[in-house]
Amino acid sequence: MIYLDYFCDLLKKRFLQTGFISESDFIENDEFCLKNLEKNFFEPMSEETKKNYLDGDGDELGKKDKTKKANMSAVRSSSAMIYNLLGNNDVIFKENAIIPAGIYKKEYELKHETITYRYKENPTRANLDAYLHNENNEIFIEAKCMEWIENWTRHELKNAYLEEKFYFDKSTFPIFESAGKRISCSQYDSVQMFRHTLAIYNYLREKKIAGKKALLLNVVWELPAEEIPEKARKRYTHQLALEHLEFEYFHEQMQPVINIFKEHTGCDFDIKYISVADFCKMIDYKDEKQLKFIQRY
């Protein structure tokens, strides 16, 4: 068994234990993908939610390329995970230390401009998995299921992110440039989170959204080490520790960028990391089926 399959197998077993699926629901020659996409959701997507995903860059619902499986049919899909955690309706957060309590409206697969690389009329964009907002708060979510375990992402920024001519706001370029030169990590996806931070900065500045609290939240699926098979446990434990350590390093290097948000956008801003398990504890789930369904995570 390859390393990643240990985790796919664990997630599949957890899903089977919920009672919502059986072995017969999986594709015969792809044991971690479901035959019926809808089986991977606690409830059917609303038309509005479907539109969010269809407008995204990926083929999450399998509508753009009929010859391929929908990305969200995989048990390890982070898009399916965040949809199951948040659903179609407004999200209610209980009192907690990270997200202000209240009711939040929501969108998925939100795209915001980062830099004007190549073509100003078609700038480079960052895709955020979910966007929650109310009159006082702007919450931007990057969800990770197994991407961090696979660890195949780029670990250094493209040169374009270190060139002033591609920035919308050239006055703050030196601060982004300085941070961008120091954020490279071997495990944590600091490059993507840098791009998201820049996209959020541009969005808040352009829309003149002032007086709110803004948060970029990295929601990451983690497992207790004792659940990991012995053959993979040591490597996983090392990865998890490094993931946490490098996030702290990334956050420290991004502090000058975080500090400029208030002056240049009018919003307080921060970047946080949280496990899926702790994220779920903050949500006031009203749907018993959804609450049972997400036990797989």
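Since we're looking at a predicted model, the values are computed, not measured.
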TODO: Evaluate the criterion ring-ring contact (aromatic ring centres under 6.0 Å, His included) for residue pair Phe293 and Phe41; output intermediate values, then yes/no.
DONE: CA-CA 8 Å; Phe293 194 90; Phe41 307 146; 8.5 Å; no
Open item on the list: Could you walk me through whether Glu246 and Ser190 satisfy the side-chain hydrogen bond (donor to acceptor under 3.5 Å, both in side chains) test, starting with their C-alpha distance in whole Å, then the side-chain angles of each, then the deciding distance to 0.1 Å, before giving a yes or no?
Closed with: CA-CA 8 Å; Glu246 289 189 347; Ser190 57; over 6 Å; no
Open item on the list: Would Gln255 and Asn259 count as a side-chain hydrogen bond (donor to acceptor under 3.5 Å, both in side chains) here? Give the steps.
Closed with: CA-CA 6 Å; Gln255 199 60 54; Asn259 293 342; 3.1 Å; yes
Task: From CA spacing to verdict: salt bridge (charged side-chain N to carboxylate O under 4.0 Å, His left out), Glu109, Lys111 - done: CA-CA 6 Å; Glu109 294 291 301; Lys111 291 184 283 190; over 6 Å; no
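Expressed to the nearest 0.5 Å, how far CG of Leu4 lies from CE of Met1 amounts to 10.5 Å. Rounding to the nearest 0.5 Å places CD1 of Ile103 at 13.0 Å from CG of Leu132. How far CG of Asn127 is from CD of Glu142: 9.0 Å, rounded to the nearest 0.5 Å. Rounded to the nearest 0.5 Å, atoms CD (Glu60) and CG (Asp129) are 8.5 Å apart. For the atom pair Ser73 OG and Asp25 CG, the distance stands at 12.5 Å (nearest 0.5 Å). In this structure, the separation between CD1 on Ile200 and CG on Leu128 is 5.5 Å, given to the nearest 0.5 Å.
Two residues are said to be in side-chain contact when any heavy atoms from C-beta on lie closer than 4.5 Å; Leu245 and Glu248 fail this criterion. Side-chain contact check for Lys106 versus Glu48: every heavy-atom pair is 4.5 Å or farther apart. Side-chain atoms of Val191 and Thr153, non-hydrogen and from C-beta on, never get closer than 4.5 Å to each other. For the pair Met81/Val276, a side-chain contact is recorded, criterion being any heavy-atom separation below 4.5 Å from C-beta on. Within the 4.5 Å cutoff, side-chain heavy atoms of Phe168 are placed close to those of Thr116. Within the 4.5 Å cutoff, the side chain of Tyr108 has no heavy atoms near those of the Lys51 side chain. Taking 4.5 Å as the limit, every side-chain heavy atom of Tyr53 sits out of range of all side-chain heavy atoms of Asn71. Using a 4.5 Å heavy-atom threshold, the side chains of Asn84 and Gln290 count as separate.
A donor-acceptor contact closer than 3.5 angstrom is absent between the side chains of Glu163 and Asn159. Checked by atom type, the side-chain pair Glu43/Asn88 shows a donor-acceptor distance below 3.5 Å. Counted by atom type alone, Gln187 and Glu243 present one or more donor-acceptor pairs between their side chains at under 3.5 Å. Side-chain atoms of Glu147 and Ser78 form a donor-acceptor pair, as typed in the model, at a separation below 3.5 Å. In summary, the side chains of Asn40 and Tyr83 do not present any donor paired with an acceptor at a separation below 3.5 Å, with no hydrogens or angles considered.
For the pair Ser186 and Asn151, the tightest heavy-atom approach, listed with the atom from each and the gap, is O-ND2, 3.2 Å. Listed here is the closest heavy atom pair of Met193 and Thr197: O-OG1, 2.8 Å. The heavy-atom pair separating Ile209 from Cys267 by the smallest distance is O-SG, 2.7 Å. Nearest heavy-atom pair, Val91 versus Leu86, reported as atom, atom and distance to 0.1 Å: CG2-O, 3.8 Å. A pairwise comparison of heavy atoms in Gln253 and Arg182 identifies OE1-NE, 2.6 Å as the closest pair. Scanning all heavy atoms of the two residues, the minimum distance from Pro100 to Ile98 falls at CD-O, 3.8 Å.
Under the rule for a ring-ring contact (aromatic ring centres under 6.0 Å, His included), Tyr249 has no partner lying at least two apart in sequence or in another chain. Shown here are the side-chain hydrogen bond (donor to acceptor under 3.5 Å, both in side chains) partners of Tyr161, two or more places apart in sequence or in another chain: Thr114. Remark: Tyr104 pairs with Phe93 by the ring-ring contact (aromatic ring centres under 6.0 Å, His included) rule, at least two apart or across chains. Residues passing the ring-ring contact (aromatic ring centres under 6.0 Å, His included) test with Phe247, sequence neighbours excluded: Tyr188, His251, Tyr273. Partners of Lys50 according to the side-chain contact (heavy atoms from CB on, under 4.5 Å) rule, which considers only residues two or more places apart in sequence or in another chain, are Met45, Glu47, Leu61. In this structure, the ring-ring contact (aromatic ring centres under 6.0 Å, His included) partners of Tyr131, at least two apart in sequence or on a different chain, are His133, Phe140. For Glu23, the salt bridge (charged side-chain N to carboxylate O under 4.0 Å, His left out) partners at least two apart in sequence or on another chain are Lys12.
Looking at Glu156 and Arg154, no side-chain N of the basic residue comes within less than 4.0 Å of a carboxylate O on the acidic one, giving no salt bridge. Under the 4.0 Å criterion applied to side-chain N and carboxylate O atoms, Glu164 and Lys170 are not assigned as salt-bridge partners.
Using a 30° and 60° split on the angle between ring planes, Phe7 and Tyr236 fall in the tilted class, from 30° to 60°. Between Phe176 and Tyr167, the two ring planes are tilted [angle within 30° to 60°].
By the rule that hydrophobic residues join a cluster once side-chain heavy atoms approach within less than 4.5 Å of another member, Tyr3 and Leu11 end up as members of one cluster.
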Acceptor/donor pairs from residues 26-36 side chains to any protein atom, 3.5 angstrom cut, sequence neighbours excluded:
{"from": "Asp30", "atom 1": "OD2", "to": "Lys69", "atom 2": "NZ", "distance (Å)": "3.1"}
{"from": "Lys35", "atom 1": "NZ", "to": "Ser24", "atom 2": "O", "distance (Å)": "2.8"}
{"from": "Asn36", "atom 1": "OD1", "to": "Glu38", "atom 2": "N", "distance (Å)": "3.0"}

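Partner of Ile260 under the side-chain contact (heavy atoms from CB on, under 4.5 Å) criterion, chosen from Lys262, His264, Glu263: His264. Applying ring-ring contact (aromatic ring centres under 6.0 Å, His included) to Phe269 and the options Tyr203, Phe261, Tyr201 leaves one that passes, Phe261.
A distance-only check finds no donor-acceptor pair linking the side chain of Asp5 to the backbone of Cys8 [under 3.5 Å].
Within the structure, salt bridge (charged side-chain N to carboxylate O under 4.0 Å, His left out) pairs that include any residue of residues 194-216 comprise Glu138-Lys212, Asp169-Arg205 (at least two apart or interchain). Sorted by first then second residue, the salt bridge (charged side-chain N to carboxylate O under 4.0 Å, His left out) pairs that include residues 75-99, not counting sequence neighbours, are Arg76-Glu150, Asp90-Lys105. Applying the salt bridge (charged side-chain N to carboxylate O under 4.0 Å, His left out) definition to pairs two or more places apart or across chains, those involving residues 220-236 are Arg14-Glu227. Pairs engaging residues 285-297 under the salt bridge (charged side-chain N to carboxylate O under 4.0 Å, His left out) rule: Asp284-Lys286 [sequence neighbours left out].
Between Phe173 and Phe166, the gap from one ring centroid to the other reaches at least 6.0 Å.
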